[in-house]
Amino acid sequence: LTTFTVRAERPDNSLDTFYTGTITISKTSGSGILSGTLTATAIAGIATFNAAQFDTADTYTITATATGLTSVTSGTIVVALAPISLGNYQFTGTSSSSGPVARLVASGVASNISFSSYGRSGLTINTGTNENDLFSVQPSTGNFGTALNTSTYQEFTVTPALGYFVDLNSISLLVSRTSAGPTNTIVRSSLDSFTSDVGSFTNPTTAATRTVSLTGTSSVPLTFRFYLFGGGSTGFSRNDDVTLFGNVKCVQPIAFNVTGGGSGCAASGVAVGLANSQVGISYQLKNGGTNTGTPVAGTGSAISFGNQLVA
C-alpha cells in the first residue's frame, strides 16, 4: 500500500493536535492477509503508515482503532496484480524455411502456463543473413493483397494449466517490413473464434514497437493471430520480441447444488451430479468423508457422478 495517514479528530471533526496515542489498523474485509507495520504513534493527531501490505489481489477495507477513540473503517481499497511477461518469442538463430523449431519456441515462460511454437498460415519463412533473429515471412503464393485475408496469418497459442486461468493485459512486438511488405496487421483471438479485431496497427519499414491492449480471461487454450495484408505485393514482414503480458491466476471454486439422489432400485442406484461446474476444476463425490468414485472434470455446465448405490 502507498503511504497513508489516520487522523484523530474531535467531535466537531477537527484535528486533535494534542493526541499522541497509538493507532492500530486491521483488515475488515477481503481475502488476503494484512501484514507489515500495523501500529503507529500519532504525532499532533496524525499517525502515518508506510509499511502495510496485502498478500493477495482483492478488494479490501481496513479499520483503525485507538484507545479512547471511535474506530473508523476505510473506503474500498483495490489491490491488483501488475501485469508480467508471460512468455516471449525472440526467434534467435539462423532463419530457414523449416523454422528451425528451436527458433520458434517461447522463452521466459511463466509458471502454470505453456506456449505453442510460433506458427503461420499461407506464409513462407524467409532465409538470408538479414532475416536471422527475426520471424521473417512472405506469401506462400500470390501477394499480401489490399484487404484482410483470413488465410494469411502468424499465430501462437497459450494454455493455462489445469486449475488456472490467464488474465490478459497486452501483446507487445517489434514490427518492420521491406518496402514491398504488408502495410497492415490485424490481431484477433480465439476468444470469439477470430471474429472481431482485438487490435490493429501499421507496419513500418523501420523497426518499431507495437502494443495491442487485451481484455478478458481464459482457462482453456487461447490462440492469437496476426493477419498481414496491404500493399498488394510480395515483400517481407518481419516480427521480433513477441511478448504476451498478463497474469496467471488460480481458479476460485464456486459451490454448486448436488442433484439427483433419493430412493431407487437397489440394482441400478440413482443418478447423482452437480447442477453446474467450472472448467479447470475437478469434483470429487464423497459419502461422509470417504471418496466415492474418481474425480470428474468440470465442463462449465452440469456434470454427473453416475448412478450411486450406497446412501
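Note that this is a predicted model, so its numbers are computed, not measured.
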Exercise for the section: Using a cut-off of 6.0 Å, state whether more than 12 heavy atoms not belonging to Asp192 lie near its atom CG. Expected result: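 Counting other residues, nucleotides and ligands, CG of Asp192 exceeds 12 neighbours.
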Interatomic spacing from [atom1] in [X] to [atom2] in [Y] - rounded to 0.5 Å:
X: Ile186; Y: Leu228; atom1: CD1; atom2: CG; answer: 10.5 Å
X: Arg7; Y: Asn13; atom1: CZ; atom2: CG; answer: 9.0 Å
X: Asn203; Y: Arg210; atom1: CG; atom2: CZ; answer: 7.5 Å
X: Phe194; Y: Thr150; atom1: CZ; atom2: OG1; answer: 11.0 Å
X: Gln154; Y: Phe224; atom1: CD; atom2: CZ; answer: 14.5 Å
X: Phe256; Y: Asn276; atom1: CZ; atom2: CG; answer: 4.5 Å

Can a donor-acceptor pair be found, under 3.5 Å and without considering hydrogens, that links the side chain of [X] to the backbone of [Y]?
X: Lys27; Y: Ile33; result: no
X: Arg177; Y: Ser179; result: yes
X: Asn126; Y: Val137; result: yes
X: Gln138; Y: Gly235; result: no
X: Tyr227; Y: Ser151; result: no
X: Gln53; Y: Leu34; result: no

Handout entry: Sub-6.0 Å ring centroid separation between Tyr60 and Phe54
Key =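 Judged by ring-centre distance (under 6.0 Å), Tyr60 and Phe54 do meet the cut-off.
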Exercise for the section: Taking the six-membered ring for Trp and the full ring for Phe, Tyr or His, determine whether the centres of Phe229 and Phe144 are under 6.0 Å apart. Expected result: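 No, the ring centres sit 6.0 Å or more apart.
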Report, one line per pair, each donor and acceptor closer than 3.5 Å where one atom sits in a side chain of residues 212-220; sequence neighbours left out.
| unit_1 | atom_1 | unit_2 | atom_2 | d |
| --- | --- | --- | --- | --- |
| Ser218 | OG | Val220 | N | 3.3 |
| Ser218 | OG | Val220 | O | 2.8 |

Of all residues at least two apart in sequence or in a different chain, which pass the side-chain hydrogen bond (donor to acceptor under 3.5 Å, both in side chains) check with [X]?
X: Thr157; result: Thr223
X: Thr73; result: Thr63
X: Ser190; result: none
X: Thr61; result: Ser29

Exercise for the section: Please list all pairs passing the salt bridge (charged side-chain N to carboxylate O under 4.0 Å, His left out) test where one or both residues lie in residues 218-229, with sequence neighbours left out. Expected result: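 Output for this query lists Glu155-Arg225.
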Checking [X] now: which residues fulfil side-chain contact (heavy atoms from CB on, under 4.5 Å) with it, not counting sequence neighbours?
X: Thr290; value: none
X: Ser304; value: none
X: Val72; value: Ala64
X: Thr3; value: Thr48, Asn50

Can you name the nearest heavy-atom pair linking [X] to [Y], along with the distance?
X: Lys286; Y: Asn291; result: NZ-OD1, 2.6 Å
X: Ser95; Y: Glu131; result: CB-O, 3.5 Å
X: Thr124; Y: Ser140; result: OG1-OG, 3.1 Å
X: Gly142; Y: Pro139; result: O-CB, 3.8 Å
X: Ile303; Y: Ala297; result: CG2-O, 4.0 Å
X: Val187; Y: Phe226; result: CG2-CD2, 3.7 Å

Handout entry: Derivation of the side-chain hydrogen bond (donor to acceptor under 3.5 Å, both in side chains) call for Ser301 and Thr299
Key = CA-CA 5 Å; Ser301 58; Thr299 62; 3.1 Å; yes
Exercise for the section: Hey, can you tell me if Phe156 and Phe115 have their rings parallel, tilted or perpendicular (30° and 60° cut-offs)? Expected result: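 Rings of Phe156 and Phe115: parallel, under 30°.
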Handout entry: Criterion side chain to side chain contact (heavy atoms under 4.5 Å, CB included) on Ser200 and Asn184, from CA distance to verdict
Key = CA-CA 8 Å; Ser200 62; Asn184 298 87; over 6 Å; no
Under a single-linkage definition using a 4.5 Å side-chain heavy-atom cutoff for Ile, Leu, Val, Met, Phe, Trp and Tyr, are [X] and [Y] assigned to the same hydrophobic cluster?
X: Phe18; Y: Ile46; value: no
X: Ile125; Y: Tyr89; value: yes
X: Ile281; Y: Leu285; value: yes
X: Phe236; Y: Leu123; value: no
X: Val279; Y: Leu274; value: no

Problem - Stepwise side chain to side chain contact (heavy atoms under 4.5 Å, CB included) check, Ser189 with Leu222 - result: CA-CA 7 Å; Ser189 84; Leu222 175 62; 4.2 Å; yes
Problem - Minimum side-chain heavy-atom gap Ile62-Phe4 below 4.5 Å - result: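 Ile62 vs Phe4: side chains touch.
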Practice task
With the side chain counted from C-beta on, respond yes when Arg188 and Ser196 share a heavy-atom pair under 4.5 Å apart, and no when they do not.
Solution key: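 No, too far: nothing below the 4.5 Å cut-off.
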Could you tabulate the donor-acceptor pairs under 3.5 Å formed by side-chain atoms of residues 77-88, not counting sequence neighbours?
| unit_1 | atom_1 | unit_2 | atom_2 | d |
| --- | --- | --- | --- | --- |
| Asn88 | OD1 | Gln90 | NE2 | 3.2 |
| Asn88 | ND2 | Thr243 | OG1 | 2.5 |

Expected list for residues 158-174: side-chain donor-acceptor pairs under 3.5 angstrom, two or more places apart:
| unit_1 | atom_1 | unit_2 | atom_2 | d |
| --- | --- | --- | --- | --- |
| Asp167 | OD2 | Lys249 | NZ | 2.8 |

Problem - Residue pair Phe305, Val296: steps toward the side chain to side chain contact (heavy atoms under 4.5 Å, CB included) verdict - result: CA-CA 7 Å; Phe305 296 109; Val296 177; 3.7 Å; yes
Handout entry: Partner of Phe49 under side-chain contact (heavy atoms from CB on, under 4.5 Å), chosen from Val6, Thr5, Leu1
Key =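 Of the listed residues Val6, Thr5, Leu1, the side-chain contact (heavy atoms from CB on, under 4.5 Å) partner of Phe49 is Val6.
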Practice task
Apply side chain to side chain contact (heavy atoms under 4.5 Å, CB included) to the pair Glu9 and Asp16, showing each step before the final yes or no.
Solution key: CA-CA 5 Å; Glu9 295 184 346; Asp16 184 354; over 6 Å; no
Handout entry: Ser31 and its side-chain hydrogen bond (donor to acceptor under 3.5 Å, both in side chains) partner, picked from Asp58, Thr56, Thr59
Key =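 Testing each of Asp58, Thr56, Thr59 against Ser31, the sole residue satisfying side-chain hydrogen bond (donor to acceptor under 3.5 Å, both in side chains) is Asp58.
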